[in-house]
*Asks:* 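So that we are looking at the same thing, I have put the structure below in structure tokens.
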Amino acid sequence: MRVEIWSDIACPWCYIGKARFEKGLAAFAHRDDIEVVHRSFELDPNRDKGDTAPVIDMLAAKYGRTREEAQAMEEHVAATARSEGLGYRTEGRDHGSTFDIHRLLHLSRDRGRQDELLDLAYRANFAEERSVFDTDVLVRLGVEAGLDEDEVRAVLADGSAYADDVRADEREAAELGATGVPFFVIDRCYGVSGGQPAEVFTQALEQAWQGRALTLAGTAAAAACDADGSCEIPSA
């Protein structure tokens, strides 16, 4: 059974949702029979390469908040991430185009190293002092994930490499009705949206495995990042 996950490196709820999904998957009896495929979804697809800005400034402008309020928003998300055992820096992070990262993730899928690169990219973006919007950083992440350095550099230097794959993923997300990420599709029959609790993912996998109709009616709404780049922030 295949699980496809649409996500973006810039999305904190994708970072958190991946960790929760993996916990839910670990509790699923047939976990060894699950194939996980990560697909591309840019929250800011029109952003130019090299156009980066501090995350705090971006949040303040997007939500019409002061920098202090934007900082508090980040602290709320950080607390949720840390409760899942994830590192999360609330200062010094950049926001920019993730197109090159998605292209590299398609290369890594072809080479059987997609999950490794995705974890490294999330960690670099949210927990470490490394900007994923820097080409040299992306090269190092690719090498750390087990990719060939020359091949990584060649893909990053050629803006058309895997570009069609990224756009195809994004068109498919729209066709499936995804309005935000993370967005999980199980066996092309069942969908789960947002960073749901781990037990919700376990339940969804069990119901999909059994071929029953999946419903999340009655479950709490889960935080997610919308297609316009807005990320739901828990209130204090």
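Only a predicted model underlies this, so the values are computations on that prediction, with no experimental measurement involved.
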*Asks:* Indicate yes or no for a side-chain donor-acceptor contact from Asp187 to the backbone of Cys189 under 3.5 Å, with no hydrogens or angles considered.
*Replies:* no
*Asks:* What I'd like to find out is whether the side chain of Ile9 reaches to under 4.5 Å of the side chain of Leu118, using heavy atoms alone.
*Replies:* yes
*Asks:* May I ask you to decide if Leu147's main-chain N or O and Arg113's side chain share a donor-acceptor pair within less than 3.5 Å?
*Replies:* no
*Asks:* Establish whether Ile56 and Tyr15 are linked, either directly or via other cluster members, by ILVMFWY side-chain heavy-atom contacts under 4.5 Å.
*Replies:* no
*Asks:* What's the verdict on salt bridge (Lys or Arg N to Asp or Glu O under 4.0 Å) for Glu129 and Arg89, showing C-alpha distance, side-chain angles and the deciding distance?
*Replies:* CA-CA 9 Å; Glu129 295 289 341; Arg89 292 188 299 116; 3.5 Å; yes
*Asks:* Ring-plane angle category for Tyr162 and His106, please: parallel below 30°, perpendicular beyond 60°, tilted otherwise.
*Replies:* parallel
*Asks:* Can you label the angle between the Trp209 ring and the Phe28 ring as parallel, tilted or perpendicular, going by 30° and 60°?
*Replies:* perpendicular
*Asks:* Rest of the hydrophobic cluster containing Phe99 (Ile/Leu/Val/Met/Phe/Trp/Tyr, side-chain heavy atoms under 4.5 Å)?
*Replies:* Val166
*Asks:* Mind checking salt bridge (charged side-chain N to carboxylate O under 4.0 Å, His left out) for Asp158 and listing every partner two or more places apart, or none if nothing turns up?
*Replies:* none
*Asks:* Hydrophobic clusters here meaning ILVMFWY residues chained together by side-chain heavy-atom distances under 4.5 Å, can you tell me if Val192 and Met1 are in one?
*Replies:* yes
*Asks:* Has Trp6 got a side-chain atom pairing as donor or acceptor with Val181's backbone, closer than 3.5 angstrom?
*Replies:* no
*Asks:* Should Val37 and Leu205 be regarded as members of a common hydrophobic cluster, given that ILVMFWY residues are connected when their side-chain heavy atoms come within less than 4.5 Å of each other, either directly or indirectly?
*Replies:* no
*Asks:* Donor-acceptor pair, distance only, cut-off 3.5 Å: does the side chain of Asp48 make one with the backbone of Asp51?
*Replies:* no
*Asks:* Please list, chain by chain and in numerical order, all residues satisfying salt bridge (charged side-chain N to carboxylate O under 4.0 Å, His left out) with Arg103, sequence neighbours excluded.
*Replies:* Asp100
